[in-house]
Amino acid sequence: MYFHIVTIFPEMFRAITNYGVIGRAFKKKRIIINFFNPRDFTNKKYKSIDDRPYGGGPGMLMSFEPLYAAIQKAKSLEKNTKVIYLSPQGIKFKQKEIKYLLNNKKIIFICGRYKGIDQRIINHQVDEEWSIGDYILTGGELAAMNIIDATSRLIPGVIEKTESIEEDSFSNRFFDYPNYTRPQTIKNMTVPSILLSGHHKNIRIWRLKEAIGKTWMKRPDILKNISLTKEEENLLNEFKNNFYNQNKKP
Ligand code: 4FN
């Protein structure tokens with residue numbers, strides 16, 4: 001998979017290219033990232049990468065010409081690309097958008113800085129605007145890295161099948177069940193005895209119940225958007241009954 005990134009800070013992307021499983025996939029060239037730096041498109045006439053907004057006011061914008069030239073260069077290397085501007089007013093990036101990216105292998109991400117980019121670039125050069133959340137960032141780079149990280153782990157071969165959560169488990173639809181590792185007892189805290197029983201069928205049921213229960217407690221909105229199997233529904237009811245009885249006043 002290719003990611004083309006328009007950014008004045010390509011070095012920032014070492015955070016994903018040099019570490020962990022995504023770093024490994026990058027070294028093996030399963031993920032390819034190309035940078036287009038507006039700074040490389042400055043010349044004697046447009047030597048600055050920031051510029052003042054018309055109408056005045058505080059803050060700067062990215063200079064039109066070097067940014068435009070960087071986008072044109074990225075577009076010229078690849079046809080049928082989708083140009084995505086990372087911006088707070090974009091559509092919220094969700095698991096659904098990851099599927100879209102995995103099917104749409106040619107993506108150009110534009111990372112803004114300062115107060116953002118000229119509206120004419122958004123109107124005429126950008127296909128989509130995406131946001132990772134409602135908070136103020138200093139640039140689009142961390143948003144792009146979020147998206148590349150979340151997407152790359154689903155590219156076949158990036159994560160070993162045994163590590164993959166995509167496989168048979170239910171952790172894609174629900175939160176993970178509680179996990180425990182050695183030691184069995186520490187500072188008076190123990191591991192639930194079912195996990196030590198070796199009874200795989202009961203362990204699976206316990207984990208499924210905990211996963212659904214935890215999702216119901218913390219994010220009921222997620223549960224409303226998925227359909228449950230009969231088994232899952234029964235386990236959720238058991239979890240709820242348990243919960244309500246526990247919180248009943250004696
Ligand atoms: N942010 C808000 C309102 C107004 C401005 C901002 C803001 C970086 C270039 C955009 C932010 C958040 C999620 C990109 C935020 C994202 C950005 C993102 C982003 C520099 C201009 C800016 C109401 C959301 C708090 C700065 C709200 N996902 N402006 O952050 O690029 O992708």
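Ligands are counted one by one from 1 in listed order, and the atoms in each one are counted from 1 as well. When a residue number appears, it is its place in the shown sequence, counting from 1. These numbers come from the heavy atoms of this one structure, side chains and all, not from hydrogens, waters or symmetry mates.
Nearest-heavy-atom check against atom 3 (C) of ligand 1 across P88, G59, G116, S131 picks out P88. Proximity annotation for atom 9 (C) of ligand 1: of G112, G140, G133, G112 comes nearest, heavy atoms only.
Only the backbone of W130 comes within contact range of ligand 1, with a heavy atom under 4.0 Å; no side-chain atom does.
By the definition of a contact as any protein heavy atom under 4.0 Å away, atom 23 (C) of ligand 1 is not in contact.
Using a 4.5 Å cut-off on side-chain heavy atoms (C-beta onward), R52 and M60 make contact. Put simply, the side chain of L137 does not reach to within 4.5 Å of the side chain of L86, judged on heavy atoms. Taking 4.5 Å as the limit, every side-chain heavy atom of L235 sits out of range of all side-chain heavy atoms of E232.
The aromatic rings of F35 and F13 sit tilted, their planes meeting at an angle between 30° and 60°.
With respect to atom 12 (C) of ligand 1, the closest heavy atom belonging to the protein is Y135 O, 2.9 Å. Here the protein heavy atom with the shortest distance to atom 25 (C) of ligand 1 is I136 CG1, 3.6 Å. Protein heavy atom nearest atom 28 (N) of ligand 1, with residue, atom name and distance: I132 N, 2.9 Å. For atom 20 (C) of ligand 1, the nearest protein heavy atom (residue, atom name, distance) is Y114 O, 3.3 Å.
Ion pairing of K45 with E65 is absent here, as no side-chain N (NZ or NE/NH1/NH2) approaches a carboxylate O to less than 4.0 Å. A salt bridge is defined here as a Lys NZ or Arg NE, NH1 or NH2 lying under 4.0 Å from an Asp or Glu carboxylate O, and E141 with R113 meets this definition. Between K230 and E233 there is a salt bridge, with a side-chain nitrogen of the basic residue lying less than 4.0 Å from a carboxylate oxygen of the acidic one.
Checked by distance only, ligand 1 and L137 come closer than 3.5 Å through their nitrogen or oxygen atoms.
Between the side chains of N237 and K240, no donor-acceptor pair is found at a separation under 3.5 Å.
Close approach to A143 involves these atoms of ligand 1, each under 4.0 Å from a residue heavy atom: 14 (C), 28 (N), 32 (O). Residue K115 approaches ligand 1 through these ligand atoms, each under 4.0 Å from one of its heavy atoms: 21 (C). The contact set between ligand 1 and S87, taken as ligand atoms under 4.0 Å from a residue heavy atom, comprises 14 (C), 16 (C), 32 (O).
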